[in-house]
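All values below come from the heavy atoms of this structure, side chains included, with hydrogens, waters and symmetry mates left out.
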Amino acid sequence: MHNIIWDLDNTLYFETDEYKNKLNEATAKAAIAEFNIPLDFATATEKVKESYATYRDGLEIFSREYGISHKELYVSYHNYKSELVPTIKPYDGLLEKLQTLNCPQYVFSTSSRDICEQILKHIGLYDFFKDRFYSVEDFNMYKKNESSEVYRKLCEKIGVAPENCIFVDDSYSNLDFAKQIGMTTVRIYYRNNSAKDMTFIDSAYKGIYECIDGLKKDYNC
């Protein structure tokens, strides 16, 4: 039987451009206020965007250029992110759609455990995923796109083999490492499928509802 492992951010809810900008600003605020980065707010925010474009991680550039502990910035950033959770708009009827899938389901997120809990409660999925949601933080790691090790640790935690897992994420860099450990990889996209030529992605669906239908049709979930 397949086990579905969902990403959380921009997968089980949609990150609008406005929300993404607020996340970038939260990183910039954390870097300036907590770590005294010698940049003004606008410049620091542009640095976050540069970091995403270069490293697929908004924190990484500050770690590399200013010697900030990635873990410490991760914690500080999530304190600011907490303030944004109430602005997330939940998907209509998502819980009912998830309940129609016949495969065990989990959540695995780059967000901190506390933020995962806050978001799942806000979007009405906490009870459904209670005791079945995990953060990279649970494994003393802070990224999903650095190595396949965090995926191995997740599989050990939930007691399933990687080859029996379908990992669903909007980020192709995360899917790359999930594939390396043997997971089936599914990408959610929202505009055009920009990663359609990437061989480590097994399937791609536009949006969460099409993805759920695809998991049923193509993977018998």
Side-chain angles (χ1 to χ4, degrees), residues 1-23 52 56 58 81 84-113 115-136 144-145 151 154 158 160 162 164-179 183-198 200-221:
M1 175 181 287
H2 292 299
N3 296 268
I4 302 170
I5 302 175
W6 298 99
D7 173 48
L8 178 58
D9 301 306
N10 210 33
T11 298
L12 293 179
Y13 71 92
F14 176 64
E15 292 183 345
T16 64
D17 288 341
E18 180 182 6
Y19 183 80
K20 288 179 180 178
N21 287 336
K22 293 293 185 183
L23 291 177
Y52 272 116
R56 304 294 295 176
K81 183 174 180 177
L84 301 177
V85 171
T87 69
I88 294 171
K89 182 179 179 181
Y91 283 122
D92 292 333
L94 180 55
L95 174 59
E96 290 74 17
K97 289 284 286 183
L98 293 173
Q99 289 172 328
T100 65
L101 290 165
N102 294 319
C103 297
Q105 299 176 63
Y106 303 84
V107 166
F108 184 43
S109 178
T110 305
S111 287
S112 69
R113 181 157 189 90
I115 292 295
C116 287
E117 182 173 330
Q118 287 181 43
I119 291 174
L120 287 170
K121 286 179 177 178
H122 178 72
I123 64 178
L125 299 181
Y126 177 76
D127 289 338
F128 184 70
F129 285 110
K130 188 177 180 181
D131 300 323
R132 291 184 291 117
F133 71 91
Y134 300 91
S135 164
V136 290
K144 288 195 295 187
N145 64 351
Y151 299 95
L154 173 67
I158 64 178
V160 299
N164 293 329
C165 294
I166 300 173
F167 184 65
V168 185
D169 202 310
D170 66 299
S171 172
Y172 59 79
S173 62
N174 294 340
L175 293 169
D176 188 2
F177 289 101
K179 188 64 177 178
M183 291 181 172
T184 297
T185 51
V186 171
R187 184 175 186 241
I188 284 184
Y189 65 95
Y190 298 99
R191 295 182 178 88
N192 297 316
N193 185 13
S194 59
K196 62 184 178 181
D197 297 324
M198 296 183 178
F200 55 83
I201 298 175
D202 294 307
S203 300
Y205 305 104
K206 189 171 186 178
I208 187 67
Y209 301 117
E210 183 180 304
C211 181
I212 292 172
D213 290 341
L215 289 171
K216 292 179 182 179
K217 177 177 178 291
D218 299 330
Y219 296 96
N220 297 315
C221 288

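Of all non-hydrogen atoms in Tyr13 and Tyr91, the two that sit nearest each other are CA-CE1, 3.5 Å. Across all non-hydrogen atoms, the minimal contact from Thr110 to Val136 is O-CG2, 3.7 Å. Shortest non-hydrogen contact noted between Ile188 and Thr11 is CD1-CG2, 3.7 Å.
Side chains of Tyr19 and Asp9: a donor-acceptor N/O pair is absent below 3.5 angstrom, by distance only. In this model, no donor atom of one side chain and acceptor atom of the other lie less than 3.5 Å apart for Asn164 and Asn3.
A salt bridge does not link Lys22 to Asp17: none of the charged side-chain nitrogens sits closer than 4.0 Å to a carboxylate oxygen. Note on Asp127 versus Lys121: no salt bridge recorded, every NZ/NE/NH1/NH2 to OD/OE distance being 4.0 Å or above. Salt-bridge formation is not detected for the pair Asp202/Lys196: no Lys NZ or Arg NE/NH1/NH2 atom is positioned less than 4.0 Å from an Asp or Glu carboxylate oxygen. Ion pair Glu117/Arg113 not flagged as a salt bridge, since none of the NZ, NE, NH1 or NH2 atoms sits closer than 4.0 Å to an Asp/Glu carboxylate oxygen.
With values rounded to the nearest 0.5 angstrom, Phe128 atom CZ is found 10.0 Å from Leu12 atom CG. Between atom NE2 of residue His122 and atom CG of residue Leu84 there is a gap of 11.0 Å, rounded to the nearest 0.5 Å. Between the CD1 atom of Ile212 and the CG atom of Leu94 there is a distance of 5.0 Å, given to the nearest 0.5 Å. Here OG of Ser203 is found 5.5 Å from CG of Asp218. Values are rounded to the nearest 0.5 Å. Between the CG atom of Asp7 and the CG atom of Asp169 there is a distance of 3.5 Å, given to the nearest 0.5 Å. Between the CD1 atom of Ile166 and the CD1 atom of Ile5 there is a distance of 9.5 Å, given to the nearest 0.5 Å.
Annotation: Phe167 is in aromatic contact with Tyr151 [ring centroid separation under 6.0 Å]. For an aromatic pair to be called close, the ring centres must be under 6.0 Å apart, and Tyr172 with Phe200 fails this.
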>> One pair to check against side-chain contact (heavy atoms from CB on, under 4.5 Å): Phe129 and Cys116. What are the steps and the verdict?
In response: CA-CA 11 Å; Phe129 285 110; Cys116 287; over 6 Å; no

> Which is it for Tyr209 and Asp92 under the side-chain hydrogen bond (donor to acceptor under 3.5 Å, both in side chains) test, yes or no, and what are the steps along the way?
Replying inline: CA-CA 10 Å; Tyr209 301 117; Asp92 292 333; 5.9 Å; no

>> side-chain contact (heavy atoms from CB on, under 4.5 Å) for Ser111 and Lys81? Distances and angles first, verdict last.
In response: CA-CA 9 Å; Ser111 287; Lys81 183 174 180 177; 2.7 Å; yes

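A heavy-atom distance below 4.5 Å is not found between the side chains of Phe108 and Leu8.
For Ala204, the side chain to side chain contact (heavy atoms under 4.5 Å, CB included) partners at least two apart in sequence or on another chain are Arg187, Tyr189, Asn193. Partners of Asn10 by side chain to side chain contact (heavy atoms under 4.5 Å, CB included), not counting sequence neighbours, listed by chain and number: Phe14, Glu15, Lys20, Asp170, Tyr190.
Between the side chain of Asn192 and the backbone N or O of Ser194 there is no donor-acceptor pair closer than 3.5 Å. Remark: side-chain polar atoms of Lys206 are not paired, donor with acceptor, to backbone N or O of Cys211 under 3.5 angstrom. A distance-only check finds no donor-acceptor pair linking the side chain of Ser173 to the backbone of Arg56 [under 3.5 Å].
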Pair up each side-chain donor or acceptor in residues 97-106 with any protein partner under 3.5 Å, not counting sequence neighbours, and list the distances.
| unit_1 | atom_1 | unit_2 | atom_2 | d |
| --- | --- | --- | --- | --- |
| Lys97 | NZ | Asp213 | OD1 | 3.1 |
| Thr100 | OG1 | Lys97 | O | 2.6 |
| Thr100 | OG1 | Lys216 | NZ | 2.7 |
| Gln105 | OE1 | Trp6 | NE1 | 2.9 |
| Gln105 | NE2 | Leu98 | O | 2.9 |

